[in-house]
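Have a look at the structure below, then the notes.
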Amino acid sequence: MDLPVKIEELTLNGDTKNQTKREDYIEWKEYFMAMAFLAAKRSKDPSFQVGACIVNKENRIVGVGYNGMPFGCSDDDFPWGKNTTSPLDSKFLYVCHAEMNAILNKNSADVKDCTIYVSLFPCNECAKMIIQSGIKEVVYLSDKNAHKDIYIASRKMLDAAGVKCWQYIPKRDKIEIRFTETDCETMSPSK
Ligand SMILES: Nc1ccn([C@H]2C[C@H](O)[C@@H](COP(=O)(O)O)O2)c(=O)n1
Ligand SMILES: [Zn+2]
């Protein structure tokens, strides 16, 4: 009689070892978009947090950024409001966008031919920076501002410059990070 063969586990020198690779690992695109979302968590903007992650052809991350005040401009002193009487009292004249920060934070000589993963489609000013820096692909998640002139102009420029733009549709709605995970053996989902 044939016994069922269990290829997943094998007893070696008394130890039970997993012999097949994990199946629930996150794939590259999901990983890079998640990096953009994680970066966004650093933002102090009370109304909207944006993250960006730049990746080269070898799947190496070369820049990460989120929307925030410029160096030397304190998060506590500069305004975060939107609907103010004077534009000088709102965030818009001061805040650096996530895409801009990711490009300027690059840890490589340049970002030519790279892909930028963004939690929100880039505005017109960021589109200009993306084009001028040589980034060739924009992967975005939210396109909530698509109807606004700034974003219509952005798409127009990115299209004209031949920067490929496409929306990432996530397979799951969240990725959980548990800092206690490394303290115990990796558990299979069935356990
Ligand atoms: N592609 C973008 C668009 C916007 N941001 C930043 C700029 C602001 O901090 C915030 C948007 O604020 P809201 O107008 O929604 O109150 O997001 C960015 O970094 N990248
Ligand atoms: Zn922008």
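For reference, positions follow the sequence shown, starting with 1. As the structure lists them, so they are numbered: ligands from 1, and atoms in each ligand from 1. Remember, predicted model here, so these are calculated numbers, not experimental data.
Here Lys82 contributes atom NZ and Ser90 contributes atom OG; the two are 10.0 Å apart, rounded to the nearest 0.5 Å. Considering CE of Met35 and CD1 of Ile54, their distance stands at 12.0 Å, rounded to 0.5 Å. Here Phe48 contributes atom CZ and Asn67 contributes atom CG; the two are 8.5 Å apart, rounded to the nearest 0.5 Å.
Numbered from 1 in the order shown, with element, the atoms of ligand 1 that lie under 4.0 Å from a heavy atom of Lys91 read 12 (O), 13 (P), 16 (O).
Looking at Cys123 against ligand 1, only its backbone comes within 4.0 Å, counting heavy atoms. For Glu99, every heavy-atom contact with ligand 1 shorter than 4.0 Å involves the side chain, none the backbone. Only the side chain of Tyr151 comes within 4.0 Å of ligand 1, judged by heavy-atom distances.
The shortest contact between atom 6 (C) of ligand 1 and any protein heavy atom is with Asn67 ND2, 3.6 Å. The protein heavy-atom contact nearest to atom 14 (O) of ligand 1 is Phe92 CE2, 3.5 Å.
Between the ND1 atom of His97 and the SG atom of Cys123, the angle taken at the Zn ion (ligand 2) works out to 110° after rounding to 10°.
Residues Arg155 and Phe121 share a closest heavy-atom pair of NH2-CE1, 3.4 Å. Summarising the geometry of Gly65 relative to Asn105, their closest heavy-atom pair is CA-ND2, 4.3 Å, with the distance given to 0.1 Å.
Distances shorter than 4.0 angstrom occur between a heavy atom of Phe121 and an atom of ligand 1.
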The test is side chain to side chain contact (heavy atoms under 4.5 Å, CB included); show your working for Ser47 and Lys91 and say whether it passes. CA-CA 11 Å; Ser47 55; Lys91 65 182 173 182; 2.8 Å; yes
